Structure formats: C-alpha cells, structure tokens
Amino acid sequence: MQKKTVQDYIRTIPDFPHAGIMFRDVTTLFADARGMRLCVDQLLAPWAGEEIDAVAGLEARGFILGGAVAHQLGCGFVPIRKKGKLPGATYEQEYALEYGTAAVEVHRDALPAGARVLLVDDLLATGGTARAGIALLERLGAQVVGCAFVVDLPELGGRKALEAMNMQIHTLCDFEGE
C-alpha cells in the first residue's frame, strides 16, 4: 500500500462557490488525524530548529494550521483577522479582491519589534491576503521569516507575488486551475 500524501487528503468540490471554480477543501485533511499530523509536520519542516517567536495565521483555516504549527515549534500564535473581529486597538490593511476590496487586522500589541514570525494559511492563490498579512506584521516591526501554505494554485500567481517581496515560500502541494 502506497503512503498517502497531503494532497490525497484534500477533496475537490466542483463549481463551488460558483460555476467554474474547483474548490480545494482542506476540511477532509483536518478531519483525519494522520493527514493533519503529516500536514503540520511538513508545514513547519523548513523552520524546525530556527528561532521562531510566533506563528501568524490568516483567518480562518490559517488559525487551525497556525495554532498547531506554533504548538509544535513551541512559540506563540498571532491571529490576523477580518476587519472588525479583534477587540483591542488594531492596525488594518486593505487588499484587492476580484470585485472590490477587503481588510484584515492585527492587534497593535500582538508582537514586540524584531519578533521572528512565520505566516501560515491553507491556500495560496493570488497572494493578496498573505501580502496584507505580511504588511501588518512588518508594521508591527516583526521580521517575517517565511510563509507556509498547504495548497498552491500556481496559475493565480501568488507565489511569484510573494517571492517578489523576497519571502521564503513553502507549499505542500499544487493544484492546476482555480
């Protein structure tokens, strides 16, 4: 029997949220104990043994992954949330959507200046949310040491956009198309 890869645990749902989209559903990965452990271990592998002060997770699936990665690395976790969801004083960063804009926020006191942070999320598409998260972390004075994603959709250009920012990018699998 061949060992399963992270990609084997991810289901594809056609035409969600609308026609023509092939939705990559990581909830099936999260639901499987072996799949989840494999995923977390592989996400943190490039940074094992490095000094990481915190993991920042992008809402919402990045919270699940980021919390698990932070636990394994023995460091703190910082949520980067959709606008209006954090109770304290925040910094806000807008980013472009297909139609319009959205914004994410981080608490102003989430990290000390100079903190070394790993950014984690489930999916890298255009890179808009990740770029906004990086901007927020840098505004706090943090050093983003890299970005880890489960899925990359290379055709949408997110990896290239983040690499243009001199980010180290680690992904576990690629899917063609949107």
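Quantities reported herein were computed from a predicted structural model and do not represent experimental measurements.
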- Query: Judged by atom type as modelled, is there a donor-acceptor pair below 3.5 Å linking the side chain of Asp122 to the main-chain atoms of Arg61?
  - Reply: no

- Hey, is CZ on Arg37 packed in by over 12 heavy atoms from elsewhere, all under 6.0 Å? no

- Message: Looking only at side-chain N and O atoms, does Thr171 offer a donor or acceptor that is under 3.5 Å from a partner on Arg159?
- Response: yes

- Message: Contact between Arg131 and Met165 at the side-chain level, heavy atoms closer than 4.5 Å - yes or no?
- Response: yes

- Item | Side-chain donor or acceptor of Arg116 paired with backbone N/O of Asp53 under 3.5 Å | no

- Query: Atom CG of Leu111 and atom CD of Gln143: how far apart are they, to the nearest 0.5 Å?
  - Reply: 12.0 Å

- Task: Report yes if the side chains of Arg24 and Thr12 come closer than 4.5 Å at any heavy-atom pair, otherwise no.
- Result: yes

- Message: Please identify which of these residues, Val69, Leu73, Ile64, meets the side chain to side chain contact (heavy atoms under 4.5 Å, CB included) condition with Val40.
- Response: Val69

- Query: Is there side-chain contact between Cys147 and Ile134, with at least one heavy-atom pair below 4.5 Å?
  - Reply: yes

- Task: Could you tell me whether the side chains of Asp8 and Thr5 share a donor-acceptor contact shorter than 3.5 Å?
- Result: yes

- Task: Taking Gln93 for its side chain and Gly133 for its backbone only, find out whether a donor-acceptor pair lies under 3.5 Å.
- Result: no

- Quick one: are Thr101 and Tyr95 in side-chain contact, heavy atoms under 4.5 Å? no

- Message: Does Lys160 have more than 12 heavy atoms from other residues, nucleotides or ligands lying within 6.0 Å of its NZ?
- Response: no

- Query: Is there a side-chain contact between Val6 and Val150 (heavy atoms, below 4.5 Å)?
  - Reply: yes

- Query: If you take all heavy atoms of Lys82 and Glu59, which pair is closest and at what distance?
  - Reply: N-OE1, 2.8 Å

- Message: Same cluster or not: Val55 versus Val26, using hydrophobic residues (I, L, V, M, F, W, Y) connected whenever any side-chain heavy atoms lie under 4.5 Å apart?
- Response: yes

- Might you point out which heavy atoms bring Ala132 and Val104 nearest each other, and give the distance in Å? CB-CG2, 3.8 Å

- Is the closest side-chain heavy-atom distance between Asp152 and Cys173 below 4.5 Å? no

- Message: With clusters defined by side-chain heavy atoms of hydrophobic residues (ILVMFWY) lying less than 4.5 Å apart, directly or transitively, does Leu65 cluster with Phe175?
- Response: yes

- Message: Main chain of Tyr91, side chain of His107: is a donor-acceptor contact present, judged purely on distance under 3.5 Å?
- Response: no

- Do Asp15 and Ile21 come within less than 4.5 Å of each other through their side chains, counting heavy atoms only? no

- Common cluster, Tyr9/Leu153, ILVMFWY with side-chain heavy-atom separation under 4.5 Å: yes

- What is the minimum heavy-atom distance between Phe16 and Phe23, and which atoms define it? O-CB, 3.3 Å

